[in-house]
Amino acid sequence: MDRLTKAITSHRRAVIAVFLALALICAVLMLGVSVNYKLADYLPPDAESTVALGILNDEFGSGIPNTRVMVSGLTLAEAEALKSGIAAVDGVTGVMWLDDVEDLSTPVELMDPAVVEQYWRDGSALYQVTVADGRESSTIDALYELIGENGAIGGDAANTANIQKRVVTEVLGAAAIAVPIIVLLLILTTTSWVAPLLFLASIGVAILINMGTNIVFGEISFITQSVSPIMQLAVSLDYAIFLLNSFERHRQETDDVEMAMRSAIKESFSSIAASAATTVFGFMALMFMRFEIGADLGMNLVKGVILSYVSVVVFLPCLSLACVKLLDKTRHKRIIPELHGLGRGLVKIRIPALILVLLLVIPCYLGQSRASFVYGMGVPDPDLRYGQDTELINSTFGQSTSIVLFVPRGDPGAEAALSAELAEIDNVTSVMSYAATVGEVPPETLDDAIVSNFYSDNYARIVLSADTANEGEEAFAVIEAVRAAADKYYDESYTCGESANLYDVREVVTEDTGLVNGIAIVFILLTLLVTFRSLTLPFILLFAIESAIWINLSFAYFTGNTLVYIGYLVINTVQLGATIDYAILITDGYLVNRRTMGRREAVVNTLQKNFISVLTSGLILSTAGLGLNFTSSMQVVSELGLLLSRGTLLSMAMVLLALPALLMIFDPLTARLTLKAGFLKKTEKEVDVK
């Protein structure tokens, strides 16, 4: 360790140059990392909708209608002509309209009203458009240019285009909110005007390296792109603060700044590593999700925390030594003074706080699992054109979703019977199949262009429309009914489409919940067992943080709101991994003090010494969550930010109010079940148990 610290401090110019060069290179590489905006792409390969999408691409070479384009103020002839214009837009691979299901030479009044109303109402035409994957942004722009102000565009492709345009600006917007507040918090709790900038520089370099090294994966999810940088900043700033505080303490012992920094690195190396380990293990649990968006986020956060750790123990010492004169010149008195009496005040309310927690914990545990969930991207932002267009289309034509069903080719009778049964399913408004549309005409007598819409070499394609949203009880009931009907006639069948994809997402992430939470708890439990060598403390700490998580997640149930399930699943792990450090800090201080003090005085002293550290760290992480919540137009990201912000504050409250009571109540048991606890034995003068 001595040789390592000497090498770091003796070659500080080279270290600074290497880190800055890596940050610059990775900033460029970051531009080459693709961002995936489709939840369905993260389903496991054996999910039914994933298999169906493979059949669609391999056998038919075309996609599912994923865009609804509505244009008002048209005649029927103009609407028919506009269809050709839409089909000619670069990136559009298919357009379906009224003329695909009815003969337009027949007066509209004589057509089936139920069919007509899906495509034509009071001079407004609705087109079901298929936009090619990866072409969403440019194609939607071209469609808007074609249809003008009288048109509206909704659907999955339009949503993807909206996210593609906003994700980078929203990340920067979140940073614009969070960073100034974080700097202010750091100024209030440090003794140098420049120190906060050094903290941000060390973590900022790690963030750039983390995002740039994602080039090895080829692409990351939009959730990772939106959440990871802000979270990496928030959870790892503590490491930088700890090292620089250690450096300042050791400078009081020696005039040699290099020697002081070497001592700070040695002191911080293991303590920061222990703190980072709990966070890493918490995030690692996400990597076990079958729904691979969790693995994508988990991998990125784990890599980010490790890189932040390396940056803090290698780059920050060199940067600090290079700026030591500036640190001295910009030194100021601590703005927030030591709050005398605070520890005793917190200890006095420990029992009411613990009673409140015990009264809340069971209802909140039950409530958090019974909330109403959405499994996709959530509700469109009504302030954006995409949200307004979606509402306009739904109010004019009603909600609609497309389902594509594949069955083996070669049994026309079964196909016809299945098509008839599908048409009778509640909320199904149309069924397009060879048997239902063309009838008994042999396929070999028709043009290949017509036949290829319905048949490949191995499969028959049946396209259904349902008047439901993409998800929800009605939408999922339709998927279940379609799959059940297909199972009656075929041993093999596959469905895909937005609602089918989200149905499978629901099934997969619901299965992931117990596994991921269990792995996270086991990882953290083992880490705590090794850290404290105690059979009681790990359970006390886990109870404190898990209680905060349950209270946080129960808000949706008790307020009657829906909760995006991905956020629900991720925050279980993220809040545990990111805030368990607060409990570790308090508990570690308690154990040290307990060797020379009674239990009450040990808690008072620990709270007095560590209150500002917990408060600063908690407010930084909470502020980062608020930044995501305020700036993101995506419900899944915005809600995750809110859960992170509120959950951090709840964890902080649990650690400062309820944990002290638990430590004191279980103190006798902890003394017996902790290896070499060395607690001060009770004497006649000790009256601090009251």
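We're numbering straight along the sequence, starting at 1.
Checked against side chain to side chain donor-acceptor pair (under 3.5 Å), T429 has the following partners two or more places apart in sequence or in another chain: Q118. For D512, there are no salt bridge (charged side-chain N to carboxylate O under 4.0 Å, His left out) partners at least two apart in sequence or on another chain. The side chain to side chain donor-acceptor pair (under 3.5 Å) test applied to S228 returns N300, not counting sequence neighbours. Residues passing the side-chain contact (heavy atoms from CB on, under 4.5 Å) test with A285 are V516, I519, A520, T573, sequence neighbours excluded. Residues forming a side chain to side chain donor-acceptor pair (under 3.5 Å) with T559 (at least two apart in sequence, or on another chain): N561. Remark: E480 engages Y503 in a side chain to side chain donor-acceptor pair (under 3.5 Å) (not counting sequence neighbours). Residues satisfying the side-chain contact (heavy atoms from CB on, under 4.5 Å) test with L197, not counting sequence neighbours, are none. For the side-chain contact (heavy atoms from CB on, under 4.5 Å) test, residues two or more places apart in sequence or in another chain that qualify with A206 are Q232, L307, S308, S311. A search for side-chain contact (heavy atoms from CB on, under 4.5 Å) contacts involving S554 returns C364, Q368, F558, not counting sequence neighbours.
For residues 282-299, every residue pair satisfying the side chain to side chain donor-acceptor pair (under 3.5 Å) rule, not counting sequence neighbours, is listed here: D46-R290, S221-D296, T224-D296, R290-E511. Residue pairs satisfying the ring pair (Phe, Tyr, Trp, His ring centres under 6.0 Å) criterion with at least one member in residues 126-148, sequence neighbours excluded, are listed as follows: W97-Y127. Sorted pairs that involve residues 621-646 and meet ring pair (Phe, Tyr, Trp, His ring centres under 6.0 Å), not counting sequence neighbours, are lacking altogether.
With T67 as the fixed residue, the side-chain contact (heavy atoms from CB on, under 4.5 Å) test singles out one of V131, T130, N159: V131.
Between the side chains of K303 and N214, at least one donor N or O lies within less than 3.5 Å of an accepting N or O. In the model, S499 has no side-chain atom that pairs as donor or acceptor with a side-chain atom of N470 under 3.5 Å. Counting only N and O atoms by type, the side chains of T468 and T401 include no donor and acceptor under 3.5 Å apart. Side-chain polar atoms of D581 and T278 form a donor-acceptor pair below 3.5 angstrom. Side-chain polar atoms of E170 and S226 form no donor-acceptor pair below 3.5 angstrom. Side-chain contact check for S638 and S632: no donor-acceptor pair (N or O, by modelled atom type) lies under 3.5 Å. For the residue pair E219 / N36, a side-chain donor-acceptor distance below 3.5 Å is found, with atom types taken as modelled.
Looking at every heavy atom in both residues, A578 comes nearest to L621 through CB-CD2, 3.8 Å. The two residues I153 and A158 come nearest to each other via the heavy atoms CG2-CB, 3.9 Å. Residues L208 and A27 share a closest heavy-atom pair of CD2-CB, 4.3 Å. The shortest heavy-atom contact between A624 and A234 is CB-CB, 3.7 Å. Across Q128 and P65, no two heavy atoms sit closer than the pair CB-CB, 4.2 Å. Between G298 and M287, the closest heavy-atom pair is C-CG, 3.9 Å.
Under the 3.5 Å distance criterion, the side-chain polar atoms of T213 are matched with a main-chain donor or acceptor of N210. When atom types are taken as modelled, the side chain of T279 and the backbone of G577 share a donor-acceptor pair closer than 3.5 angstrom. A donor-acceptor distance shorter than 3.5 angstrom exists from the side chain of Q388 to the backbone of P382, with no hydrogens or angles considered.
Taking the charged nitrogens against the carboxylate oxygens, R68 and D389 have no contact shorter than 4.0 Å, which rules out a salt bridge. Salt bridge present: R483 and D504 bring a charged side-chain N and a carboxylate O closer than 4.0 Å.
Checked against the 6.0 Å centroid criterion, the rings of Y309 and Y239 do not qualify as a close aromatic pair.
Put simply, CD1 on I571 and CD1 on I549 are 8.0 Å apart, with the number rounded to the nearest 0.5 Å. Note that CG of L384 is 5.0 Å distant from OG of S633, once rounded to the nearest 0.5 Å.
In this structure, the side chains of L619 and L649 come closer than 4.5 Å at one or more pairs of heavy atoms.
Stacking of R506 on the aromatic ring of Y565 is not recorded, the 6.0 Å distance cut-off and the 45° axial limit not both being met.
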